[in-house]
Number of protein chains: 2
Amino acid sequence: MTARPKAQPGKRTNDPEGLRKRVLDVAEASLQARGYHASSLGDLMAAACVTGGALHHHFPTKKALALAVIEERVAAAVEETWIAPVQAAGSAREGVRSVFEAVTAELEQQGFVRGCPLNNLAHELSLADPDFRTALAGIFSAWRQAIADKVRADQQAGREQDTDPQRFAALAVATYSGAMSMAKTAQDSAVLRDCLSALEQGVSSARAKRRRRVLRRHRPL
Amino acid sequence: MTARPKAQPGKRTNDPEGLRKRVLDVAEASLQARGYHASSLGDLMAAACVTGGALHHHFPTKKALALAVIEERVAAAVEETWIAPVQAAGSAREGVRSVFEAVTAELEQQGFVRGCPLNNLAHELSLADPDFRTALAGIFSAWRQAIADKVRADQQAGREQDTDPQRFAALAVATYSGAMSMAKTAQDSAVLRDCLSALEQGVSSARAKRRRRVLRRHRPL
DNA sequence: GACAAAACAGGACAACCGGTCTGTTTATAA
DNA sequence: TTATAAACAGACCGGTTGTCCTGTTTTGTC
């Protein structure tokens, strides 16, 4: 049984910020787990222990609530798990690798793949509403931009001369998004490791983590 | 105004297969455009000119209908646009490239990005229902398998010795899925080209789409 | 033609959803 | 204290959803 915040009917204390935070917490979790259309305001109200009047006071419509989650929570999540670590890393390549590994390790530990919040909502809402689409596209853009900027910083330090910043960033984000999509569907994070390995060995050369098997014995004539 | 099939109330002709096909057509389009939860059976019935009784006769529940779309239509779409072309290509790498280019060209021509049907549904339904998840995971698996098999065929022909089939396939599918996700959100297919370029030049070297450059001149100290 | 099963028509219904509305309580400032 | 607005409570409503149910028609078979 999950602990319910706010219960005593005795007294009441106005706490707009706290209530707003509680609603956003619950909404963020529900949007991540069930998506937009499958999340009902009734469930959210019950989970956050908030009445309809209070909810409507802070978020006039369901769309407004979801938009707030996207702009405040999803964007922050991308910032926290991707942008900041990449900026703090020794290089763009190293940053991407470390985020991949950190996320993979976290997924393996908790044994359940919830998927990328941004991608989850992007797929469901991009075509449904232009406001949603714009907000989500902005987060994707900032994500790629941060990685591309890091590549440019590397280049100014004399490294990564042959790497196109924009393309590298697009590939990193796309690979991560797609890998998380598969991991979520298969409920198995192994594909994330495969993708990271393939990314690192440059798609073409392998030599791989262990000895590759040669077996160039029988070639079809 | 879209043309409505079946209209004359004069006579009626039983056509189970045709009706079923019409429903699946409409359902496939709606699931692709609006997703599962935002697609109402009422709209589908109207669009396909099918009564509730007929719909219920062929598909007892909404879930059964969506499952049929996934197993018959989405799987077929992946087969048609990815698996078959890759198998028919001269090599795995060439196959991946040609599909990327074909899809990109098609998107640029129609000026609208609907996204990948498989990924769209995977994000919305993977966590919602285990039956959905299993069906979608199977398609992802077959997709990767086909690419990996092609790499193995290349290897038996003496090529791609340093490529890990499984990892290459995972990277190809993930990159495509993620790129489509961004393209859909931004309503711009440019990112697909970026990803393909980055994929082809092996992530590490840029110097444009031809000639790999070696230049192991300055190594970071 | 008789009969059974499949194919289809169409209404009914209960549950639910999101939004609105009115009223009450709390905080703020004069 | 008093007025003023923000913060919250809680019931209410119209519309929609997916599903079910009872009939009717068509089709195939003997």
Side-chain angles (χ1 to χ4, degrees), chain A residues 4-27 30-31 33-69 124-125 128-129 131-132, chain B residues 4-27 30-31 33-70 121 124-125 128-129 131-132:
Chain A
R4 285 282 158 74
K6 277 294 193 62
Q8 293 87 323
K11 208 64 169 75
R12 176 188 133 194
T13 330
N14 280 5
D15 180 21
E17 296 169 10
L19 187 143
R20 189 186 139 92
K21 178 186 181 326
R22 256 160 50 212
V23 171
L24 283 178
D25 285 343
V26 169
S30 183
L31 286 184
R34 285 181 285 273
Y36 178 82
H37 288 98
S39 293
S40 83
L41 293 182
D43 292 344
L44 296 188
M45 284 161 49
C49 285
V50 167
T51 63
L55 177 61
H56 179 262
H57 178 73
H58 290 273
F59 306 99
T61 65
K62 186 182 184 182
K63 173 178 169 177
L65 172 57
L67 223 39
V69 169
E124 187 179 3
L125 300 178
D129 187 289
D131 294 326
F132 283 138
Chain B
R4 286 281 160 73
K6 277 295 192 65
Q8 294 86 323
K11 209 61 167 76
R12 174 187 133 196
T13 331
N14 280 7
D15 181 21
E17 297 168 9
L19 187 142
R20 189 186 138 93
K21 177 185 181 328
R22 258 161 47 212
V23 171
L24 284 177
D25 286 342
V26 169
S30 183
L31 286 183
R34 286 181 285 275
Y36 179 80
H37 288 98
S39 292
S40 84
L41 294 181
D43 291 345
L44 295 187
M45 284 161 48
C49 285
V50 166
T51 64
L55 178 62
H56 181 262
H57 178 73
H58 290 273
F59 306 99
T61 65
K62 186 183 184 182
K63 172 179 170 178
L65 172 57
L67 223 38
V69 169
I70 291 173
L121 292 178
E124 187 180 3
L125 301 178
D129 188 288
D131 294 326
F132 283 138

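In what follows, chains are A, B, ... by sequence order, proteins preceding strands, each numbered from 1.
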S.K.: Mark yes or no for a side-chain to base donor-acceptor pair under 3.5 Å between B:R12 and C:dA9, with no hydrogen or angle criteria applied.
M.R.: no

S.K.: Is there a side-chain contact between B:H37 and A:Y36 (heavy atoms, below 4.5 Å)?
M.R.: no

S.K.: Provide a list of protein-nucleic acid N or O atom pairs under 3.5 angstrom, restricted to nucleotides 11-16 of chain C.
M.R.:
none

S.K.: In whole angstrom, give the distance that lies between atom CG of B:L55 and atom C1' of C:dC8.
M.R.: 11 Å

S.K.: Are any of B:H57's side-chain N or O atoms less than 4.0 Å away from OP1 or OP2 of C:dA7?
M.R.: yes

S.K.: Please compare A:R20 and B:A38 by the position of their nearest nucleotide in DNA chain D and report the one closer to 5'.
M.R.: A:R20

S.K.: Quick one: closest heavy-atom pair of B:D131 and B:L67, and the distance?
M.R.: O-CD1, 4.1 Å

S.K.: Rounded to whole angstroms, how far apart are NZ on B:K21 and C1' on C:dA7?
M.R.: 19 Å

S.K.: How close or far is atom C1' of C:dG19 from atom CE of A:M45, stated in whole angstroms?
M.R.: 11 Å

S.K.: Reckon B:H58 has a side-chain N or O less than 4.0 Å from the OP1 or OP2 of C:dA6?
M.R.: no

S.K.: Of all the choices, C:dG10, D:dG18, D:dC8, which nucleotide is nearest to the side chain of B:T51 once you look at every atom?
M.R.: C:dG10

S.K.: Calculate the interatomic distance between A:L19 atom CG and C:dT26 atom P; express it in whole Å.
M.R.: 15 Å

S.K.: Enumerate donor-acceptor pairs with a distance under 3.5 Å from any side-chain N or O in residues 42-59 of chain B to protein atoms, sequence neighbours excluded.
M.R.:
unit_1: B:D43; atom_1: OD2; unit_2: B:S40; atom_2: OG; d: 3.2
unit_1: B:T51; atom_1: OG1; unit_2: B:A54; atom_2: N; d: 3.4

S.K.: Whole-Å distance between C:dA7 C1' and B:D15 CG?
M.R.: 11 Å

S.K.: If I take atom CZ in residue A:F59 and atom C1' in nucleotide C:dC17, what distance separates them, rounded to the nearest angstrom?
M.R.: 19 Å

S.K.: The side chain of A:L41 is closest to which nucleotide in this list: C:dG19, D:dC8, D:dT19?
M.R.: C:dG19

S.K.: Restricting both atoms to N or O, compile the protein contacts to nucleotides 28-30 of chain D shorter than 3.5 Å, with distance only.
M.R.:
none

S.K.: Is the backbone of B:S39 close enough, under 3.5 Å, to the side chain of B:S30 for a donor and an acceptor to pair up by distance?
M.R.: no

S.K.: Is the shortest heavy-atom distance from the side chain of A:F132 to the side chain of A:E124 under 4.5 Å?
M.R.: no

S.K.: Between B:H56 and D:dC20, is there a contact of a side-chain N or O with OP1 or OP2 at under 4.0 Å?
M.R.: yes

S.K.: Report the nucleotide, chosen from D:dT26, D:dG18, C:dA9, that has the shortest atom-to-atom distance to any side-chain atom of B:N14.
M.R.: D:dT26

